[in-house]
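These notes are about the structure you will find just below.
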Protein chains: 2
Amino acid sequence: MGEARSEFLKGTLDMLILKIVALGPIHGYAIAQRIQQISRDFFQLQQGSLYPALHRLEDRGLLKAEWKMTETGREGKFYALSSKGRKKLEAEVQNWERLTDAVSLILRTAE
Amino acid sequence: MGEARSEFLKGTLDMLILKIVALGPIHGYAIAQRIQQISRDFFQLQQGSLYPALHRLEDRGLLKAEWKMTETGREGKFYALSSKGRKKLEAEVQNWERLTDAVSLILRTAE
DNA sequence: AGAGTATAGGTAGAACTTCGAGGTATAACG
DNA sequence: CGTTATACCTCGAAGTTCTACCTATACTCT
């Protein structure tokens, strides 16, 4: 991620990836594109962040992977959410909302 | 921070500390209490996170420190924002807002 | 007087994440 | 045939936060 972005990205990456995968089976390279596209270029996911994250999520049983052909006729590793991943996503979204609420409380505090 | 919290805290701690200090000179121990109080116990800042963060911010010239007596009659290191710290806080708040907007775009995407 | 708790400061090492920089390989295009 | 886009990957550096510890003073309770 670009420096300014990465400062704040920490901790949200897994949630964002799980969310994109929740929209339907998709391969790694396309996940980065989707995230960049939907966030209107705010997030620019580097491959050095993407692939380790995907492996992490797969190792933890949150994602299932399968090799298939992409739309462009090439091999791609397609990821889908496991039920564990779906629960994790729900929990992370809830936690994200509680976090932003808590941060708002502090930022809006005027002495 | 409690495990669940810390996952998402990354990157926000400096901003929160700067914001609390912006409300008026305050010593380290009291910063942690204020943050916990205002966030309604969502954030429980550990000393092992607090003090290194304060030293970091001081080293970067964002905070100025001065030893004074606390309300309870003890020595405390009081922190205040430098002008550089004030600018940094503004920038971090702006960036935080852009981040939450970008995350919202992704979380609200329904395929 | 002594014990315990809250206040106030701090450090060291581990764990984890992300990034930057590199590598491999195929397909498509000029 | 060279370049660009796609698609996968790894490694090491850098940074942050946490856990676990340490010191010391003030206050409260017995």
Side-chain angles (χ1 to χ4, degrees), chain A residues 1-18 20 25-37 42-60 62-63 65-79 92 99, chain B residues 1-18 20 25-37 42-60 62-63 65-79 92 99:
Chain A
M1 291 277 171
E3 325 121 56
R5 280 82 205 253
S6 64
E7 272 177 61
F8 279 124
L9 177 71
K10 309 183 178 184
T12 64
L13 182 55
D14 289 2
M15 179 178 71
L16 296 182
I17 290 176
L18 290 174
I20 295 299
I26 184 170
H27 61 84
Y29 196 83
I31 291 172
Q33 288 178 317
R34 285 281 264 158
I35 288 180
Q36 180 165 352
Q37 188 183 50
F42 183 83
F43 294 120
Q44 271 142 22
L45 190 51
Q46 302 305 308
Q47 301 193 337
S49 307
L50 170 69
Y51 290 111
L54 287 172
H55 300 156
R56 209 161 54 223
L57 294 171
E58 193 183 355
D59 288 347
R60 290 182 193 160
L62 304 174
L63 294 181
E66 198 184 353
W67 286 90
K68 275 196 265 186
M69 274 290 165
T70 68
E71 324 77 46
T72 60
R74 312 197 30 195
E75 287 288 310
K77 199 169 170 186
F78 282 73
Y79 291 93
E92 294 222 330
L99 169 79
Chain B
M1 290 281 172
E3 326 121 55
R5 278 85 207 250
S6 64
E7 272 178 61
F8 278 126
L9 177 71
K10 311 185 177 183
T12 65
L13 182 56
D14 289 2
M15 178 177 72
L16 297 181
I17 290 176
L18 290 174
I20 295 300
I26 184 170
H27 61 84
Y29 196 82
I31 291 171
Q33 289 178 316
R34 285 281 265 156
I35 287 179
Q36 180 165 351
Q37 187 184 49
F42 183 81
F43 293 119
Q44 272 143 21
L45 190 50
Q46 302 303 309
Q47 301 192 335
S49 307
L50 170 69
Y51 291 112
L54 287 173
H55 300 157
R56 212 161 52 223
L57 294 170
E58 194 183 356
D59 288 348
R60 290 181 193 160
L62 304 174
L63 293 181
E66 198 184 353
W67 286 91
K68 276 196 264 185
M69 274 291 166
T70 68
E71 324 76 46
T72 61
R74 312 197 31 194
E75 288 287 311
K77 199 170 170 185
F78 281 73
Y79 291 93
E92 295 222 330
L99 169 77

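Every chain is numbered from 1 and lettered A, B, ... according to where its sequence line falls, protein lines coming before strand lines.
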Between the OG1 atom in A:Thr12 and the CG atom in A:Leu99, the distance rounded to the nearest 0.5 Å is 10.0 Å

Judged by nearest nucleotide, the residue sitting upstream toward the 5' end of DNA chain C, B:Gly48 or A:Gly48, is B:Gly48

Given atom CD of A:Gln36 and atom C1' of D:dA7, what is their separation to the nearest angstrom? 16 Å

On a plain distance test, is the side chain of A:Glu75 in donor-acceptor contact with the base of D:dC8 below 3.5 Å? no

Base, sugar-phosphate alone, or nothing: which one does B:Gly76 contact when heavy atoms must sit under 4.0 Å apart? sugar-phosphate

Classify B:Gln33 by what it touches in the nucleic acid, base, sugar-phosphate, or nothing, heavy-atom distance under 4.0 Å. sugar-phosphate

Separation of D:dA5 P from A:His27 NE2 (nearest whole Å): 16 Å

Could you walk me through whether B:Glu75 and B:Met69 satisfy the side chain to side chain contact (heavy atoms under 4.5 Å, CB included) test, starting with their C-alpha distance in whole Å, then the side-chain angles of each, then the deciding distance to 0.1 Å, before giving a yes or no? CA-CA 5 Å; B:Glu75 288 287 311; B:Met69 274 291 166; 3.4 Å; yes

Given atom CG of B:Leu57 and atom C1' of C:dG10, what is their separation to the nearest angstrom? 16 Å

My understanding is that only one of A:Asp14, A:Ile17, A:Leu18 makes a side-chain contact (heavy atoms from CB on, under 4.5 Å) with A:Leu62; could you say which? A:Leu18

Whole-Å gap separating C1' (D:dC11) and CG (A:Leu50): 16 Å

Considering just the side-chain nitrogens and oxygens of A:His55, establish if one lies under 4.0 Å of OP1 or OP2 belonging to D:dC8. no

Quick check: on DNA chain D, is the nucleotide nearest A:Arg74 upstream (toward 5') of the one nearest B:Arg74, or the reverse? Name the residue that is more 5'. A:Arg74

Integer-rounded Å distance: C:dA12 C1' and B:Gln46 CD: 16 Å

A:Ser49 and A:Leu13: which non-hydrogen atoms are nearest, and at how many Å? O-CD2, 4.1 Å

Are any non-hydrogen side-chain atoms of A:Ile31 and A:Ile35 less than 4.5 angstrom apart? yes

Is the phosphate of C:dG9, meaning OP1 or OP2, less than 4.0 Å from a side-chain N or O of B:Tyr51? yes

When you check the phosphate oxygens OP1 and OP2 of C:dT7, does a side-chain N or O of B:Thr70 lie under 4.0 Å from one of them? no

Starting at CZ of A:Arg56 and ending at P of D:dT10, how long is that distance when rounded to a whole Å? 13 Å

Could you tell me whether the phosphate oxygens of C:dA28, OP1 or OP2, come under 4.0 Å of any side-chain nitrogen or oxygen in A:Thr72? no

Under 4.0 Å: is that the gap between some side-chain N or O of A:Ser49 and OP1 or OP2 of C:dT17? no

Roughly, in whole Å, what's the span from CG in B:Leu45 to P in D:dC18? 8 Å

How many whole angstroms separate atom CZ of B:Phe43 from atom P of D:dT17? 11 Å

At under 4.0 Å, does any side-chain N or O of A:Tyr29 touch on OP1 or OP2 of D:dC8? no

